[in-house]
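Here's the structure we're looking at; comments come further down.
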Number of protein chains: 2
Amino acid sequence: MTAAQDATAEDVPWGEVAPEAARKLLVAAVEAFAEQGYHATTTRDIAGRAGMSPAALYIHYKTKEELLHRISRIGHDKALEVLSAASGRGGSPGGRLAEAVRSFVRWHAGRHDTARVVQYELDALSEEHRAEIMALRRRSDAVVRGILRDGVESGEFDVPDVSGTTLAVLSLCIDVARWFNVQGRRTPEEVGELYADLVLRMVSARP
Amino acid sequence: MTAAQDATAEDVPWGEVAPEAARKLLVAAVEAFAEQGYHATTTRDIAGRAGMSPAALYIHYKTKEELLHRISRIGHDKALEVLSAASGRGGSPGGRLAEAVRSFVRWHAGRHDTARVVQYELDALSEEHRAEIMALRRRSDAVVRGILRDGVESGEFDVPDVSGTTLAVLSLCIDVARWFNVQGRRTPEEVGELYADLVLRMVSARP
DNA sequence: CCCGAACCTGAGCAAGCGCTTAGGGCGTGG
DNA sequence: CCACGCCCTAAGCGCTTGCTCAGGTTCGGG
């Protein structure tokens with residue numbers, strides 16, 4: 001398999017969604033949901049953005065909710081993958097935490113449309129679908145909590161309330177998706193750098 | 001004027017809204033919007049929670065959007081008042097920042113239903129109404145930024161990026177409204193205390 | 001005792017919603 | 001050349017939405 005053959009699956013956003021029409025509809029839905037929210041978006045709007053008729057949507061997806069679920073599932077998988085990978089790099093707990101925050105924030109800023117849908121439209125999902133997504137969230141939580149625990153054990157961190165601090169760190173990263181603006185002054189990389197520094201200061205032991 | 005006469009206006013939430021029927025409708029709307037979001041909430045649902053017919057809503061409010069605007073306006077005023085008052089207490093920049101974060105977080109946790117509507121349903125507002133609310137937000141921003149600047153000047157804080165850190169501090173506080181759960185282990189006071197400590201560590205100069 | 005204002009309801013309208021269905025073009029294997 | 005399966009559209013169905021309106025109830029002032 002050459003790199004060119006790989007391209008759709010690896011490099012292009014949502015390349016894992018096939019066929020092409022289904023991908024175009026999903027990309028259009030992400031855009032619309034991010035701008036207006038799930039409930040304010042109509043199936044006609046989604047189809048229109050994809051250059052298709054409203055009926056085309058129901059060839060590729062059973063309901064509007066299934067579309068949201070596909071987006072949430074793939075998006076959460078991606079975010080968790082980014083976080084997990086980063087938490088393995090960086091050596092010491094401090095380095096690993098910095099890498100984790102840097103990558104996670106970069107993802108939430110760079111893909112803020114996807115992140116906004118994934119993080120803020122959860123309660124439009126059905127009961128079972130939401131439960132599935134919540135399980136993925138708990139795994140993100142475990143990654144950060146694990147790093148903090150390691151740092152406390154090694155004495156590099158001073159964190160009296162590991163659970164609460166885990167919550168705060170993740171909350172800080174996730175909320176980037178809400179306020180980040182492409183027109184703004186900061187690039188995703190810059191925000192990631194700033195946040196990694198701020199979080200390190202939150203947890204580091206004073207020498 | 002006695003304290004008893006004052007009670008509705010000062011102590012009871014939304015006591016400033018009169019007459020009684022308008023207040024009941026507004027409280028019902030806050031509840032519904034917080035649970036399901038603005039667009040997922042019907043006027044029939046709001047009226048039903050208030051124990052009235054759908055038509056009653058339109059005697060007190062011109063549209064559903066006006067209801068959201070009233071909630072947003074009063075809620076933002078309250079939040080800004082809490083933040084401003086706290087930023088005047090505490091003496092040193094460090095004390096003032098701790099007071100500000102503690103109070104602001106306590107409000108977002110204790111009144112998380114109101115805060116959720118106020119912070120996350122902004123783009124359901126009309127153009128002018130949103131502009132009005134955004135102006136109030138910029139004033140919250142100015143309060144935090146002012147404290148940080150004072151602390152940097154006095155040497156008590158070490159903050160390379162005042163704007164970015166202001167953003168992060170406010171983002172951290174606001175996002176409490178999203179995840180805070182009354183059934184959870186933490187009281188609003190405890191979260192406020194934890195967050196005040198975390199934020200102080202983010203900005204303090206090392207001795 | 002009655003009047004008028006304030007407030008509320010039952011019934012319902014026009015519009016827009018999610019979704020379905022019947023049918024048409026089009027590329028492919030035989 | 002046909003027949004089949006895939007993908008799409010035009011039209012529209014049943015329902016819910018935000019909102020309206022004519023009519024009834026309640027209540028303080030004259």
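Labels below follow one simple rule: chain letters A, B, ... track the order of the sequence lines, proteins then strands, and each chain is numbered from 1.
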What donor-acceptor contacts under 3.5 angstrom involve side-chain atoms of residues 117-125 of chain A, with partners at least two apart or in another chain?
unit_1   : atom_1 : unit_2   : atom_2 : d
A/Gln119 : OE1    : A/Arg137 : NH2    : 2.4
A/Gln119 : NE2    : A/His108 : NE2    : 3.1
A/Tyr120 : OH     : A/Asp175 : OD1    : 3.0
A/Glu121 : OE1    : A/Tyr38  : N      : 3.3

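Residues A/Thr42 and A/Lys62 each lie close to DNA chain C; by heavy-atom proximity, the contact nearer the 5' end of the strand is made by A/Thr42.
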For a salt bridge (Lys or Arg N to Asp or Glu O under 4.0 Å) check, start with the C-alpha distance between B/Glu81 and B/Lys78, then their side-chain angles and the critical distance, and finish with the verdict. CA-CA 5 Å; B/Glu81 184 190 308; B/Lys78 217 76 166 190; 5.4 Å; no
For salt bridge (Lys or Arg N to Asp or Glu O under 4.0 Å), just list the numbers for A/Arg102 and A/Glu99, CA-CA rounded to whole Å, side-chain angles, deciding distance to a tenth of an Å, and then say yes or no. CA-CA 5 Å; A/Arg102 191 161 25 226; A/Glu99 269 295 315; 3.3 Å; yes
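Rounded to a whole Å, the NZ atom of A/Lys64 is 13 Å from the C1' atom of D/dT16. To the nearest angstrom, P of D/dG18 lies 12 Å from NE2 of A/His39. As rounded to whole Å, 10 Å separates atom P of D/dC19 from atom CD of B/Glu66.
Comment: B/Asp150 does not engage B/Arg145 in a salt bridge, judged by the lack of any side-chain N to carboxylate O separation of less than 4.0 angstrom. The residues A/Arg70 and A/Glu16 are annotated as not salt-bridged, no charged nitrogen and carboxylate oxygen being separated by less than 4.0 angstrom.
Sorted by residue number, the members of residues 44-60 of chain A with any non-hydrogen atom under 4.0 Å from DNA chain C read A/Arg44, A/Ala55, A/Tyr58.
Across its full length, the helix from C/dC1-D/dG30 to C/dG30-D/dC1 shows an angle of 10° between the axes of its 5 terminal pairs at either end, rounded to 10 degrees.
Taking OH of A/Tyr61 as the reference point, atom NE2 of A/His69 lies at 12.5 Å (rounded to 0.5 Å).
Closest to the side chain of A/Thr43, from the set D/dC19, C/dG18, C/dC8, is C/dG18.
Between the side chains of A/Glu66 and A/His129, no donor-acceptor pair of N or O atoms lies under 3.5 Å.
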